[in-house]
Amino acid sequence: MGTTKPGLHQTVLDDLGRLITSGAIAPGDVLRIDELAERNGVSRPVIREVVRVLESMGVLTTRRRVGVTVAERAAWNVFDPRIIRWRLDGADREAQLESLGELRGGVEPVAAALAATRATPEQCGDLTRAVMDMAVHGKAGNLEAYLEADLLFHRTLLAASGNEMLAALTDVVSEVLIGRTHHGLMPTHPNPAAIRLHADVAQAVQSGDPAAAEQAMRDIITEASDALRGT
């Protein structure tokens, strides 16, 4: 059945994950290994491995005499980047973006303030370079290159907070930025005001001004949320 085909496991995982997170397969539904294998054209071992991964994410549970069951949403690891990606791929996109925006509002301004007192010279340089790249690629309308610079900026900022728990949210924030670009929620030429706000954060971090860094980061998130609501 081609079970050694590269990427097959990931394809089946993504397909089943999207069906569950979209609600097409609902909480409480019981899944049969044989049926899943037949539907996806793969072997049972591939399906069992996919089920194990989804169990580790809290999406599925396996019980004797019951089988594989879709868990209630409250049990899901909603911080898992794969769950975020699947939800952004489906009809739940708006609610997921709203939820992530609120999370960012409680995390990144704090990280920015901490970075203003803890960032290394190298991290300050990375922030500045990321902003310069954002300006260049934004003006050119190269959204993929702009995204890479934006990802570097936010990854560096969270790391520069010096707090490992904030830094651990890098993948969550990254999925927001990636999803926004890949689902056509970014303008052809990113808002110059948003780039200036990133520059304000970088400058405040370099200057050691926690209050200014926090406010500028809060303004970035507000601008992004406002832009998404107007899309």
Side-chain angles (χ1 to χ4, degrees), residues 1-104 107 143-144 147-148 150-152 154-155 158 164-186 228 231:
M1 292 190 183
T3 56
T4 60
K5 182 180 178 182
L8 181 60
H9 169 273
Q10 187 62 49
T11 298
V12 176
L13 176 63
D14 286 336
D15 288 346
L16 187 54
R18 289 189 187 97
L19 286 171
I20 294 172
T21 55
S22 70
I25 300 176
D29 284 356
V30 177
L31 307 181
R32 306 295 178 191
I33 298 294
D34 288 347
E35 291 176 4
L36 289 173
E38 184 176 353
R39 183 193 307 168
N40 290 277
V42 298
S43 66
R44 285 186 296 249
V46 169
I47 293 299
R48 289 193 187 99
E49 179 57 30
V50 167
V51 167
R52 278 195 289 270
V53 173
L54 290 170
E55 278 186 298
S56 74
M57 299 160 66
V59 173
L60 297 179
T61 61
T62 302
R63 296 191 185 92
R64 277 187 155 188
R65 300 198 180 100
V66 176
V68 180
T69 306
V70 178
E72 296 295 328
R73 283 182 173 243
W76 298 359
N77 176 12
V78 294
F79 287 98
D80 192 300
R82 292 165 294 189
I83 292 180
I84 294 171
R85 195 177 314 132
W86 295 333
R87 292 181 67 187
L88 290 175
D89 284 344
D92 200 26
R93 182 181 306 150
E94 186 175 336
Q96 175 71 113
L97 285 170
E98 185 73 20
S99 178
L100 288 166
E102 291 171 355
L103 175 67
R104 290 183 68 195
V107 169
L143 292 185
E144 283 300 324
L147 172 62
E148 287 304 313
D150 201 11
L151 289 170
L152 173 61
H154 291 275
R155 181 168 62 246
L158 288 168
E164 74 263 6
M165 298 191 79
L166 291 175
L169 293 172
T170 294
D171 287 344
V172 173
V173 172
S174 294
E175 286 300 330
V176 183
L177 304 176
I178 293 168
R180 192 177 61 182
T181 297
H182 291 172
H183 289 291
L185 302 175
M186 283 286 287
L228 286 172
T231 299

Q.
Using 0.5 Å steps for rounding, measure from the OG1 atom of T181 to the CD atom of E144.
A. 6.5 Å
Q) Taking it one step at a time, do D92 and R73 satisfy salt bridge (charged side-chain N to carboxylate O under 4.0 Å, His left out)? A) CA-CA 13 Å; D92 200 26; R73 283 182 173 243; 3.5 Å; yes
Q. Can you tell me how far CG of L177 sits from NE2 of H182, rounded to the nearest 0.5 angstrom?
A. 10.5 Å
Q.
For a side-chain contact (heavy atoms from CB on, under 4.5 Å) check, start with the C-alpha distance between L151 and T170, then their side-chain angles and the critical distance, and finish with the verdict.
A. CA-CA 9 Å; L151 289 170; T170 294; over 6 Å; no
**Q.** Side chain to side chain, R180 and D150, heavy atoms closer than 4.5 Å
**A.** yes
Q: Specify the closest pair of heavy atoms between A26 and V70, including all atoms of both residues, with the distance to one decimal.
A: O-CB, 3.3 Å
Q. F79 and L103: side-chain contact (heavy atoms from CB on, under 4.5 Å), yes or no, with the steps?
A. CA-CA 10 Å; F79 287 98; L103 175 67; 3.8 Å; yes
Q: Go through the steps for V30 and V68 under the test side-chain contact (heavy atoms from CB on, under 4.5 Å), then give the verdict.
A: CA-CA 6 Å; V30 177; V68 180; 5.9 Å; no
Q: Quick one: do R32 and E38 satisfy side-chain contact (heavy atoms from CB on, under 4.5 Å)? Show the steps, please.
A: CA-CA 10 Å; R32 306 295 178 191; E38 184 176 353; over 6 Å; no
Q: Look up atom NE2 in H9 and atom CG in L13, then write down how far apart they are to the nearest 0.5 Å.
A: 5.5 Å
(Q) R52 vs E49, test: salt bridge (charged side-chain N to carboxylate O under 4.0 Å, His left out). Steps then yes/no. (A) CA-CA 5 Å; R52 278 195 289 270; E49 179 57 30; 2.8 Å; yes
Q.
Could you measure the distance from the CD atom of E94 to the CG atom of L88? Nearest 0.5 Å is fine.
A. 12.0 Å
(Q) Ignoring hydrogens, what is the shortest heavy-atom contact between G58 and A71? Give both atom names and the distance. (A) O-CB, 3.3 Å
Q: Going by the side chain to side chain contact (heavy atoms under 4.5 Å, CB included) test, name the single residue among R85, R82, R87, Q96 that passes it with T21.
A: R87
Q. Could you state the interatomic distance from CD1 (I20) to CG (D29), rounded to the nearest 0.5 Å?
A. 9.0 Å
**Q.** Check: E55/T61 side-chain N/O donor and acceptor closer than 3.5 Å
**A.** no
**Q.** Test item: W76 side-chain N/O and I83 main-chain N/O as donor-acceptor pair under 3.5 Å
**A.** no
(Q) Do L36 and L16 make a side-chain contact, defined as non-hydrogen atoms from C-beta onward lying under 4.5 Å apart? (A) yes
(Q) Is there a side-chain contact between I84 and V172 in this structure, where contact means two heavy atoms from C-beta onward sitting under 4.5 Å apart? (A) yes
Q) If you measure from CG on N77 to CG on D80, what distance do you get to the nearest 0.5 Å? A) 5.0 Å
